[in-house]
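Note that this is a predicted model, so its numbers are computed, not measured. Read the numbers this way: they start at 1 and go in the same order the structure lists the ligands and their atoms.
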Amino acid sequence: MGYRILETEDVPAYLRERGHWDDLEDIHVREVSDGNMNRVFLAANGAGTRGLAVKQALPWVRVAGPSWPMSPERADAEARAYEQVARVAPDKIPAIHGYDPGHYALVMEDMSDLEVLRTVLNAGASYGPDTSRRIGEFVAQLTFATSDFGMPSAERKALIAASVSPELCRITEDVVLSEPYIEHEHNHWHPELDDLAAEFRADTRLRTEVAELRHTFMTSAQALLHGDLHTGSVMVGERDGTPVIRVFDPEFSFVGPIGYDIGLYWANVLVATARARALGTVTDHAAQLRLSWEGFESEFRRLWPTRVDTFFDDAYLDRFLRRVWTDAVGFAGTEIVRRIIGFAHLTDLTTLPDPVPASRATLLLGRELILRRAELHSPEDIEGIQNTENTENGDSTTECLVP
Ligand SMILES: Nc1ncnc2c1ncn2[C@@H]1O[C@H](COP(=O)(O)OP(=O)(O)OP(=O)(O)O)[C@@H](O)[C@H]1O
Ligand SMILES: [Mg+2]
């Protein structure tokens, strides 16, 4: 690939070379990569009063090494997504100080004073009043601006062409939207889920519904998406007494169905709820689907009068939002299923003392979301299934249910 792969000791010179740190101050660097794919370094001065983060894509998957090559152009997709969001929702992403396409490296705001939402939730804390609403708003702001409602047709066509990301979309098409429903070496699960994994593979009705969602993912070029909007892609915290949220890691960004971003977040909310129920630490979990949808819908409707193509009328908006909702319900189901019987699992469930009951209930919920998405019209409808799935085999867990 012919570019310099940065090691911790290279970062100070790199930052100076690129004009990000032009004084003679000492720079202390530590590597904080904890994802699967890329390297992340944090640079700070001795006094800790100044910090920057550097994220570099390697020509392979970081945790696998050169035996699993992966185009570093995923960093281009990440930079492009940040550029689009910066125009419409700059307060919801890290400040980007520069992208260096030659090294596939982004220099951005140091967010080490914030915490990853999944970590916060796994530790038993609540979401807080604004988190999910602002995530919904983030999706609306990014997707409206990059849809045919927010962007002139020719500019949109150029964005679609520039954002084609075959390698990363293929990962989603395989790992999320097909492998869990067939025999595949990637799949694994807790032995006490053997029966459900086999049932899911044999379920032809389920497979056809997943095929439809997969085809929607492949063909529905509605707007630029984040592409990987789970609770590990959101940082939360407080600065000067004000709540702060930062959505990050949009390397899977491409032009696709808006319901995919919303559904991915919902799946992670529902899995976090299952964890909290198992541990008896439920707080504000039940409100999050509604809050995120309301954040999305009200922001999208607020932007609607600014649309560039008024042939799209108000009645069409209602129809469009209904479709986004239904897609989101279905994609939430596929994300749940793949996180329990597919390739990559979630610490929300794997770190439970006994992951089996919560995993079984959540897996069944995932299937219902996929199969019944057309008849589920509200967060309350989804809550209704959640409560049913918690009583699998008559083993009622009613005492843990949220009021
Ligand atoms: N700007 C930043 N400031 C502080 N910490 C950061 C920053 N960016 C990333 N991190 C830390 O590095 C981790 C990995 O970052 P990120 O998720 O962007 O990398 P990735 O390799 O794409 O991960 P994944 O395998 O999950 O896709 C984050 O979970 C976070 O802990
Ligand atoms: Mg990533």
For [atom], what is the closest protein heavy atom, and at what distance to 0.1 Å?
| atom | answer |
| --- | --- |
| atom 1 (N) of ligand 1 | Glu109 O, 2.8 Å |
| atom 11 (C) of ligand 1 | Val32 CG2, 4.0 Å |
| atom 23 (O) of ligand 1 | Gly35 CA, 3.3 Å |
| atom 28 (C) of ligand 1 | Asp34 OD1, 3.5 Å |
| atom 3 (N) of ligand 1 | Met111 N, 2.9 Å |

### Query
In terms of ring plane angle, is the pair His188 and His345 parallel, tilted or perpendicular, where the classes change at 30° and 60°?
parallel

### Query
Which class fits the ring pair His186 and Phe343: parallel under 30°, tilted 30 to 60°, perpendicular over 60°?
parallel

Under 4.0 Å from a heavy atom of [X]: give me the atoms of ligand 1 that qualify, with their elements.
| X | value |
| --- | --- |
| Met235 | 5 (N), 6 (C), 30 (C) |
| Glu251 | 22 (O), 27 (O) |
| Lys55 | 16 (P), 18 (O), 19 (O), 20 (P), 22 (O) |
| Ala53 | 1 (N), 2 (C), 3 (N) |
| Ser112 | 4 (C) |
| Met108 | 1 (N) |
| Met37 | 21 (O), 25 (O), 27 (O) |

### Task
Report yes if the distance between the aromatic ring centroids of Tyr82 and Phe248 is under 6.0 Å, otherwise no.
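No, ring centres 6.0 Å or more apart.
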
### Message
Quick check on the 6.0 Å ring-centre criterion: do Tyr265 and Phe331 meet it?
### Response
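Here the rings of Phe331 and Tyr265 have centres that are no less than 6.0 Å from each other.
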
N/O separation below 3.5 Å, [X] to ligand 1:
| X | value |
| --- | --- |
| Asn36 | yes |
| Asp249 | yes |
| Ser33 | no |

Using modelled atom types only, decide if a donor and an acceptor are shared between the side chain of [X] and the backbone of [Y] within a distance under 3.5 Å.
| X | Y | result |
| --- | --- | --- |
| Arg338 | Pro180 | no |
| Asn187 | Glu183 | no |
| Asp261 | His226 | yes |

### Task
Quick one: name the protein N/O/S atoms under 2.8 Å from the Mg ion (ligand 2), chain by chain.
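Counting only protein N, O or S atoms under 2.8 Å from the Mg ion (ligand 2), the list reads Asp249 OD1, Asp249 OD2, Glu251 OE2.
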
### Message
Among Val120, Thr231, Ile245, which residue satisfies the side-chain contact (heavy atoms from CB on, under 4.5 Å) criterion with Thr131?
### Response
Ile245

### Message
Please compare Val40, Asp228, Asn38 and report which has the shortest non-hydrogen distance to atom 8 (N) of ligand 1.
### Response
Val40

### Task
Classify the contact between Leu114 and ligand 1 as side chain, backbone, both or neither, using a heavy-atom distance cut-off of under 4.0 Å.
neither

### Query
Is it the case that more than 12 heavy atoms not belonging to Arg205 sit under 6.0 Å from its CZ atom?
no

### Query
If you count the non-hydrogen atoms of other residues, nucleotides and ligands that lie under 6.0 Å from CZ in Arg170, is the total more than 12?
no

### Ring-face cation of Arg62 near Trp68 (centre distance under 6.0 Å, axis angle within 45°)
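The answer is no, since Arg62 fails at least one limit relative to Trp68.
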
### Message
Out of the candidates Arg339, Arg275, Arg118, only one should pair with Asp348 under the side chain to side chain donor-acceptor pair (under 3.5 Å) rule; please name it.
### Response
Arg118

### Message
Please evaluate residues His285 and Tyr127 with respect to the criterion ring pair (Phe, Tyr, Trp, His ring centres under 6.0 Å), reporting the C-alpha separation (whole Å), side-chain torsions for both, the decisive distance (0.1 Å), and the verdict.
### Response
CA-CA 7 Å; His285 296 74; Tyr127 288 78; 5.6 Å; yes

### Query
Residues in ring-ring contact (aromatic ring centres under 6.0 Å, His included) with Phe200, at least two apart?
none

